[in-house]
Amino acid sequence: MPNAISGFSKLTKSEKIEWLLDSYFTNKDNARTLVKQYWNSDEKLQKLHDEFIENTITNYYLPLGVAPNFLINNKLFTIPMAIEESSVVAAASKAAKFWYDRGGFKAEVISTEKIGQVHFIFKGDFKQLESFFDTIKPKLISSTSHITKNMERRGGGILNIELRNKSEDLDHYYQLHATFETLDAMGANFINSCLEQFASTFKAEADIHLENPLDIVMSILSNYVPNCIVRAEVSCPISDLKSKDISDPGIFAEKFKQAINIAEVEPFRAVTHNKGIMNGIDAVVLATGNDFRAVEAGVHAYAAKDNKYSSLTHCSIENDTFKFWIEIPLALGTVGGLTSLHPLVKFSLEMLEKPKAKDLMKIVAVAGLAQNFGAVKSLTTTGIQEGHMKMHLMNILNQFEATAEEKSKLVTHFKTNIVTHSAVVEAIENLRN
Ligand code: MEV
């Protein structure tokens, strides 16, 4: 075990790597070569990546794939997806094509409100606090004018600030609950700057006007955005569901709906069901430079909004029409943050024809819905392993360092044989003997 190190962040990149090699690695040359192999030869590009975070030692690649044929509100998109899981892009592409042939996806943004809170402790009389808040509210808003003026010029800004009494949940706990419209920005910096200004103005005025002290605990946006909602949907006559792998559309539709209903009532299934949705959502969120942790946190909180974790997608069969939809909160940006910094994010956004935040919300929701359609369709028909293992075959072949010729022979072999890890190992051994 190495000794604790102080001043690590001040070391040069090479010094950091050497410290790591000395501290943890037996074969230092191999480890050094590996780390440097992932450096970009374009020094400017490498520097850009080095400066995204602190203590960068190298780059960590994820594949950037694309899923074509997404027809969304009658416009065709090729969707960029950054993800490591082998079957995700293939499943998205397949679902996109399936629905392209059936009229495509419809999507609409229902609301775009973001939220931030100043959390504080006040041990005095609530009525006094309430009337103080009512008097000070205009000043709270005007004190942020230096932060909000550009956003306001574009049509966004602070929507409202409320005083919320949370003292029944926690002694003496209150909050300023503020709502914002941040247009094409995800808005985290804008919201947090406004909140910190509210807190400082609020505290300064309280010190003058209130008998009891008011202690600010923290000021931060909420990643729970239940009023920043997008809905995406597919529908078609049941008979139109007939396809290469759906021979009886009526049975398929019923079974598919049952699978969705199970995810609506059974949290153990709902979590995996929603994980499949997030396969699609995270991949696009990441490719477009958005914060997938924020999206994940908000989406799962929304899935539990009725006090029980449930499915994010729903299905109905009415008058011989099959309908499948998703409704989720998505706080996304297409300006600011990484969107103008990371070259591949810029590339992805250009591929999506430079969407507004609302357009991106629709695209991301559609990617989630498509992913879920693909997963539940496989689960209720062939099972998930067939497609998954077909895609995973290449990973196993790479693990065994198969040559191009071996790969080609084995891919052909597994077109008509079931892929399991042991079957692949056996086939490689047979081939090599
Ligand atoms: C795997 O990454 C995702 C699935 O488990 C989703 C699901 O079960 O619906 C296939």
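Along the sequence shown, residues carry numbers from 1. Numbering of ligands and ligand atoms starts at 1, following listing order.
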Flag for S222-Q117: side-chain donor and acceptor within less than 3.5 Å: no
Residue pair N261 / Q258, side-chain donor-acceptor N/O under 3.5 Å: no
Residue and atom name of the nearest protein heavy atom (relative to atom 9 (O) of ligand 1), distance in Å to one decimal: R269 NH2, 2.8 Å
Ligand 1 atoms in contact with E85 (distance to a heavy atom under 4.0 Å): 1 (C), 2 (O)
Region of K377 engaging ligand 1 - heavy atom pairs below 4.0 Å: neither
Stacked cation flag K305 on Y302, 6.0 angstrom / 45 deg: yes
Distance-only N or O hit between ligand 1 and N279, under 3.5 Å: yes
Ligand 1 to N372 polar contact by distance, N or O atoms, under 3.5 Å: no
Atom 5 (O) of ligand 1 - nearest protein heavy atom and its distance: T272 CG2, 3.5 Å
Test: K13 cationic atom under 6.0 Å from W39 six-membered ring centre, within 45° of axis: yes
Pair D245, T381: side-chain N/O donor-acceptor within cut-off below 3.5 Å: no
Atoms in ligand 1 with a heavy atom of K275 nearer than 4.0 Å: 1 (C), 2 (O)
Heavy atom of the protein closest to atom 10 (C) of ligand 1 (residue, atom name, distance): I384 CD1, 3.7 Å
Short side-chain donor-acceptor distance under 3.5 Å, Q46 and D50: yes
Contact atoms of ligand 1, heavy-atom distance to L379 under 4.0 Å: 7 (C), 8 (O), 9 (O)
Y173/F120 aromatic ring centres below 6.0 Å: no
